[in-house]
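Everything quoted here is computed from the prediction, not taken from an experiment. In the text below, chain A, chain B and the rest are named by the order of the sequence lines, each starting its count at 1. What you see below is based on every heavy atom in this structure, not just the backbone, and it leaves out hydrogens, waters and symmetry mates.
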Number of protein chains: 2
Amino acid sequence: MKRRNTESKELVLSILSNSTKAMSQDAIERKTEGKIDRATIYRILNRFCEDGIAHKVVADDGKRYFAICVKCDDPSNLPNNHFHFRCTECETIECMPEIVKYSQPENYTIKKVNCVLIGVCSECA
Amino acid sequence: MKRRNTESKELVLSILSNSTKAMSQDAIERKTEGKIDRATIYRILNRFCEDGIAHKVVADDGKRYFAICVKCDDPSNLPNNHFHFRCTECETIECMPEIVKYSQPENYTIKKVNCVLIGVCSECA
DNA sequence: TAATAAATGCGACTATGTTGCAATAATTAT
DNA sequence: ATAATTATTGCAACATAGTCGCATTTATTA
Ligand SMILES: [Mn+2]
Ligand SMILES: [Mn+2]
Ligand SMILES: [Zn+2]
Ligand SMILES: [Zn+2]
């Protein structure tokens, strides 16, 4: 399945690229002013994740947030291996620079990480 | 609102207490063999969390998992301050002993932690 | 035993996310 | 340039998770 370049894909990509925060489907939909269908946005985002262009965090509100990968391809780190922060004031999610550290539990294989810290961000403080 | 002792509450509590894993509402419902209504189970679980009897983790599947608090009342730790592990083989969530460590980001207040490591557990290895 | 109000069951509802399918459009081959 | 191929889209339907209002039940207290 070779990927194609479409308007929708480019639009979602630019919205995500111009955001300093991770975004949920509905936030993206609002930005597109209804130009793209819900299901299509999800499909585009999931494709971005498959292709390693973006990554996904599930926050403690149960929603999926997507962000462009910056250092995700660093082979020394597992995918998603950095902390995320959810501000309960401005309801945004951001990627934190800090890498999640943990001791490898005996006989466990760890393939992915999904870590969110919740609180109030510096802007809302 | 003083809490009352009811059969349903005791049943959910014993199911949760006898489980070595964190449990979702639907897993608990299966254990009760339909004796308790969906909404009631959620209400009981949420009350447990309010009362500090249990704690809740949101896994990367977007579902809420509940577990009896063991060291949750340790004042040195934020609520939920330990890692959780989701095994993609047996589809279970467990509380890990390890505490999540992170450096306090400048001007951020952190109130809660929701950290899940995903992979294959020792039993499924 | 009666009064009070917490807890329950049921149904309706919201929200998030996925999928099937026919139509559209980007790519590739002719 | 045109036609063939097939990835992508829009739409509707569906699935699942979780919440809420309200009448009824039931634990607690008076
Ligand atoms: Mn991130
Ligand atoms: Mn736990
Ligand atoms: Zn904020
Ligand atoms: Zn397992």
Side-chain angles (χ1 to χ4, degrees), chain A residues 1-16 22-51 53-67 84 86 88 91-93 114 116 118, chain B residues 1-16 22-51 53-67 84 86 88 91-93 114 116 118:
Chain A
M1 303 188 194
K2 205 173 286 177
R3 299 271 118 101
R4 293 180 179 185
N5 291 320
T6 69
E7 259 183 55
S8 300
K9 173 185 158 179
E10 293 304 323
L11 180 52
V12 173
L13 185 59
S14 78
I15 288 171
L16 223 46
M23 296 182 80
S24 58
Q25 179 277 325
D26 62 297
I28 293 171
E29 185 167 21
R30 278 193 298 275
K31 277 271 180 186
T32 64
E33 290 153 332
K35 272 201 273 285
I36 316 177
D37 183 73
R38 254 162 47 80
T40 303
I41 295 177
Y42 277 117
R43 283 190 275 227
I44 290 172
L45 291 170
N46 289 336
R47 255 177 267 148
F48 283 172
C49 289
E50 279 175 34
D51 299 348
I53 293 169
H55 65 277
K56 169 175 59 179
V57 206
V58 180
D60 61 322
D61 59 0
K63 287 172 65 175
R64 286 142 186 75
Y65 291 82
F66 298 83
H84 293 83
R86 183 166 79 90
T88 52
E91 282 299 344
T92 62
I93 308 272
N114 192 94
V116 183
I118 298 101
Chain B
M1 303 188 193
K2 204 173 288 174
R3 300 270 118 104
R4 293 181 178 182
N5 291 319
T6 68
E7 258 184 57
S8 301
K9 174 185 156 180
E10 294 306 323
L11 180 51
V12 173
L13 185 60
S14 78
I15 288 172
L16 223 46
M23 295 181 81
S24 59
Q25 179 278 325
D26 62 296
I28 293 171
E29 186 168 20
R30 277 192 297 276
K31 276 270 180 188
T32 64
E33 290 153 332
K35 272 201 272 287
I36 316 177
D37 183 72
R38 251 160 52 79
T40 302
I41 295 177
Y42 276 117
R43 283 190 275 228
I44 290 173
L45 291 170
N46 289 336
R47 255 177 267 145
F48 283 172
C49 289
E50 279 175 34
D51 299 348
I53 294 169
H55 65 278
K56 167 174 62 179
V57 206
V58 180
D60 61 321
D61 58 1
K63 288 171 66 176
R64 287 143 186 75
Y65 290 82
F66 299 84
H84 294 82
R86 183 167 79 88
T88 53
E91 281 300 343
T92 63
I93 309 271
N114 192 96
V116 182
I118 298 102

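- Here D:dT16 presents its P atom at 10 Å from NZ of B:Lys63, a figure rounded to the nearest Å.
- Shown here are the side-chain contact (heavy atoms from CB on, under 4.5 Å) partners of B:Thr88, two or more places apart in sequence or in another chain: A:Lys111, B:Arg86, B:Ile118, B:Val120.
- Across the protein-nucleic acid pair, A:Ile28 atom CD1 and C:dG17 atom C1' stand 14 Å apart, rounded to whole Å.
- Within the 4.0 Å cut-off from OP1 or OP2 of C:dT16, not a single side-chain nitrogen or oxygen of A:Arg64 is found.
- Spacing between atom CZ of B:Arg47 and atom P of D:dC20 amounts to 13 Å, rounded to whole angstrom units.
- Judged as a side-chain hydrogen bond (donor to acceptor under 3.5 Å, both in side chains), and not counting sequence neighbours, B:Glu10 has no contacts.
- Residues B:Asp51 and B:Arg3 are in side-chain contact: their nearest non-hydrogen atoms beyond the backbone lie under 4.5 Å apart.
- The closest donor-acceptor contact from the side chain of B:Asn114 to the backbone of B:Val58 lies under 3.5 Å.
- In this entry the distance linking NZ of A:Lys56 with P of C:dT16 reads 16 Å, nearest Å.
- The CZ-C1' distance, from B:Phe48 to C:dA7, rounds to 12 Å in whole Å.
- Listed by chain and number, the residues in a side-chain hydrogen bond (donor to acceptor under 3.5 Å, both in side chains) with B:Thr92 are B:Lys21 (sequence neighbours excluded).
- Listed by first then second residue, pairs satisfying side-chain hydrogen bond (donor to acceptor under 3.5 Å, both in side chains) with a partner in residues 30-46 of chain A read A:Asp26-A:Arg30, not counting sequence neighbours.
- Side-chain atoms of B:Leu11 and B:Ile44, non-hydrogen and from C-beta on, never get closer than 4.5 Å to each other.
- Using five terminal pairs a side, the axes of the helix from C:dT1-D:dA30 to C:dT30-D:dA1 at its two ends make an angle of 30°, given in steps of 10 degrees.
- Whole-Å rounding puts the A:Glu10 CD to D:dT9 C1' distance at 15 Å.
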Grab the N/O contacts between the protein and nucleotides 23-26 of chain C below 3.5 Å, and write none if there aren't any.
from, atom 1, to, atom 2, distance (Å)
C:dA26, N3, A:Arg4, NH1, 2.9

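- Along DNA chain D, the nucleotide nearest B:Lys2 and the nucleotide nearest B:Ser24 are compared for position; the residue whose nucleotide lies closer to the 5' end is B:Ser24.
- Protein atom CE of B:Met23 is 14 Å distant from nucleotide atom P of D:dA17, rounded to whole Å.
- For B:Lys9, the side-chain hydrogen bond (donor to acceptor under 3.5 Å, both in side chains) partners are B:Asn5, not counting sequence neighbours.
- A heavy atom lying under 4.0 Å from DNA chain C marks the following residues of residues 35-45 of chain A, by number: A:Arg38, A:Ala39, A:Tyr42, A:Arg43.
- Side-chain contact between A:Val57 and A:Phe66 is absent, with no heavy atoms from C-beta onward closer than 4.5 Å.
- The distance from atom CD of A:Glu29 to atom P of D:dC11 is 11 Å, rounded to the nearest whole Å.
- In this structure the side chain of B:Phe48 never reaches within 4.5 angstrom of the side chain of B:Glu50, judged on heavy atoms.
- Among the protein residues, B:Asn46 comes within range of the sugar-phosphate backbone only, with heavy atoms under 4.0 Å from sugar or phosphate atoms but none that close to a base.
- Annotation: side chain of A:Leu16 is in contact with side chain of A:Met23 (closest heavy-atom distance under 4.5 Å).
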